[in-house]
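First comes the structure, then the notes that go with it.
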Amino acid sequence: MTTAPTFTVADSAEDPEAEIWFAEPAGFTPVPLTALLPSPDSPSAEELRSALAPVLRAAPDEMARQQFIAQLAQGQELLKGLSEAGIVHCSVGLHRDDVDETSSGGSRLLLSFLTVSWVTTAVSPRAVTAARAVGGPLGRTRIECAELACGPATFSDTLRTPRAGYGLSQVPLIQFHAHLPHPDCKRLAVCTLSTTAVARHEQYRAILRQVAATVCFDSPLEVAAG
């Protein structure tokens with residue numbers, strides 16, 4: 001017997017300013033991009049201060065309090081950079097490696113990062129935009145074209161290693177991309193799933209494709225109601 005998938009509708013699905021909808025896979029926790037970056041003197045800023053007040057009061061001493069504030073500021077800088085790069089959604093994935101559970105100590109935890117961003121493009125047919133997205137000297141591999149429910153799309157992989165001298169671990173990072181042109185033919189939604197678990201590339205590629213298959217540019221709630 002085949003069981004129909006179960007979806008939980010997030011509050012963001014009813015956001016009147018939303019322009020893209022998709023189903024987030026199990027095991028992913030959304031990062032509140034806008035909640036931690038409120039405009040000064042806005043109601044959201046006051047809500048953030050109220051939410052953080054008990055945490056600051058619970059700090060054992062002033063040093064711990066200042067360390068928390070510094071870490072929060074670093075996190076805000078990171079989220080600001082993501083927003084400036086056109087990212088409108090990000091979430092952290094944490095899964096147990098159930099493919100290989102024979103190693104001592106049991107299955108390990110695998111970390112991944114899912115983002116959705118907008119990229120402005122030259123006006124052209126959607127299939128052309130999707131094809132252009134995987135061109136250029138970016139070292140993309142496993143390039144494929146597809147026709148999804150939301151329209152034409154292309155998929156690609158990239159394998160990156162941080163440059164030496166930047167203080168970053170020289171651990172390869174594999175990224176899976178889905179390039180989904182918007183019906184207005186002026187922009188492109190890019191879903192990217194990144195992880196250092198390169199050995200599990202097939203499983204993560206499948207997750208990214210499952211996400212892309214659920215993308216739509218018109219509210220599915222309105223379609224269902226209509």
Side-chain angles (χ1 to χ4, degrees), residues 3-15 17-37 48 51 71-72 74-101 106-119 142 144 146 148-150 153-160 169 171-180 182 188-221:
T3 303
T6 300
F7 298 95
T8 299
V9 180
D11 292 341
S12 59
E14 299 181 3
D15 183 350
E17 297 183 359
E19 297 180 293
I20 184 171
W21 290 260
F22 60 94
E24 192 169 60
F28 282 83
T29 301
V31 177
L33 276 175
T34 56
L36 294 178
L37 294 173
L48 179 60
Q71 291 173 348
L72 176 62
Q74 291 178 349
Q76 288 176 315
E77 284 298 315
L78 173 60
L79 295 180
K80 181 179 178 182
L82 294 177
S83 297
E84 291 175 347
I87 292 175
V88 295
H89 175 87
C90 63
S91 56
V92 177
L94 188 63
H95 302 84
R96 289 196 176 276
D97 187 357
D98 57 1
V99 176
D100 182 9
E101 298 182 314
S107 58
R108 59 175 179 149
L109 292 176
L110 304 179
L111 187 67
S112 58
F113 193 58
L114 173 67
T115 63
V116 179
S117 59
W118 287 110
V119 177
R142 290 187 64 101
E144 297 181 31
L148 304 181
C150 65
T154 48
F155 295 95
S156 65
D157 301 356
T158 55
L159 183 63
R160 307 173 186 273
S169 175
V171 177
L173 175 76
I174 191 166
Q175 295 182 301
F176 308 95
H177 312 277
H179 317 271
L180 313 166
H182 190 274
L188 179 79
V190 182
C191 301
T192 301
L193 181 58
S194 308
T195 182
T196 56
V198 178
R200 299 292 170 255
H201 58 276
E202 291 292 346
Q203 288 75 25
Y204 278 106
R205 185 180 294 114
I207 290 175
L208 189 277
R209 301 205 174 199
Q210 290 170 3
V211 173
T214 66
V215 169
C216 54
F217 297 113
D218 293 308
S219 172
L221 301 181

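Of all heavy-atom pairs between Cys150 and Cys216, the closest is CB-CA, 4.2 Å. The shortest non-hydrogen separation linking Arg200 to Asp97 is NE-OD1, 3.0 Å. Of all heavy-atom pairs between Thr214 and Ala23, the closest is OG1-N, 2.9 Å. The two residues Leu208 and His177 come nearest to each other via the heavy atoms CD1-C, 3.8 Å. Taking every heavy atom of both residues into account, Leu37 and Lys80 meet most closely at CD1-N, 3.6 Å.
The aromatic rings of Phe217 and Trp118 lie tilted to each other, with the angle between the two planes from 30° to 60°.
Residues passing the side-chain contact (heavy atoms from CB on, under 4.5 Å) test with Leu94 are Leu109, Leu111, sequence neighbours excluded. Partners of Val31 by side-chain contact (heavy atoms from CB on, under 4.5 Å), not counting sequence neighbours, listed by chain and number: Leu79, Cys90, Val92.
Interatomic distance, Phe155 CZ to Leu148 CG, rounded to the nearest 0.5 Å: 5.0 Å. Here Thr195 contributes atom OG1 and Leu114 contributes atom CG; the two are 12.0 Å apart, rounded to the nearest 0.5 Å. Note that the OG1 atom of Thr154 and the NE2 atom of His179 stand 4.5 Å from one another [nearest 0.5 Å]. The distance from atom CG of Leu78 to atom OG of Ser83, rounded to the nearest 0.5 Å, is 9.5 Å. Note that the OG1 atom of Thr29 and the CD atom of Glu24 stand 7.5 Å from one another [nearest 0.5 Å].
Between the side chain of His95 and the backbone N or O of Ala26 there is at least one donor-acceptor pair closer than 3.5 Å. Judged purely by atom type and a 3.5 angstrom limit, Ser91 has no side-chain atom pairing as donor or acceptor with the backbone of Phe28.
Leu193 is listed as a side-chain neighbour of Ile207, based on a closest heavy-atom distance under 4.5 Å. When side chains are defined from C-beta on, Pro25 does not count as touching Gln210, because their heavy atoms never get closer than 4.5 Å.
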Stepwise side-chain contact (heavy atoms from CB on, under 4.5 Å) check, His201 with Arg142 = CA-CA 12 Å; His201 58 276; Arg142 290 187 64 101; 6.0 Å; no

Which is it for Phe22 and Cys191 under the side-chain contact (heavy atoms from CB on, under 4.5 Å) test, yes or no, and what are the steps along the way?
-> CA-CA 10 Å; Phe22 60 94; Cys191 301; 6.0 Å; no

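Salt bridge status for Arg205 with Glu202: present, with a side-chain N to carboxylate O gap under 4.0 Å.
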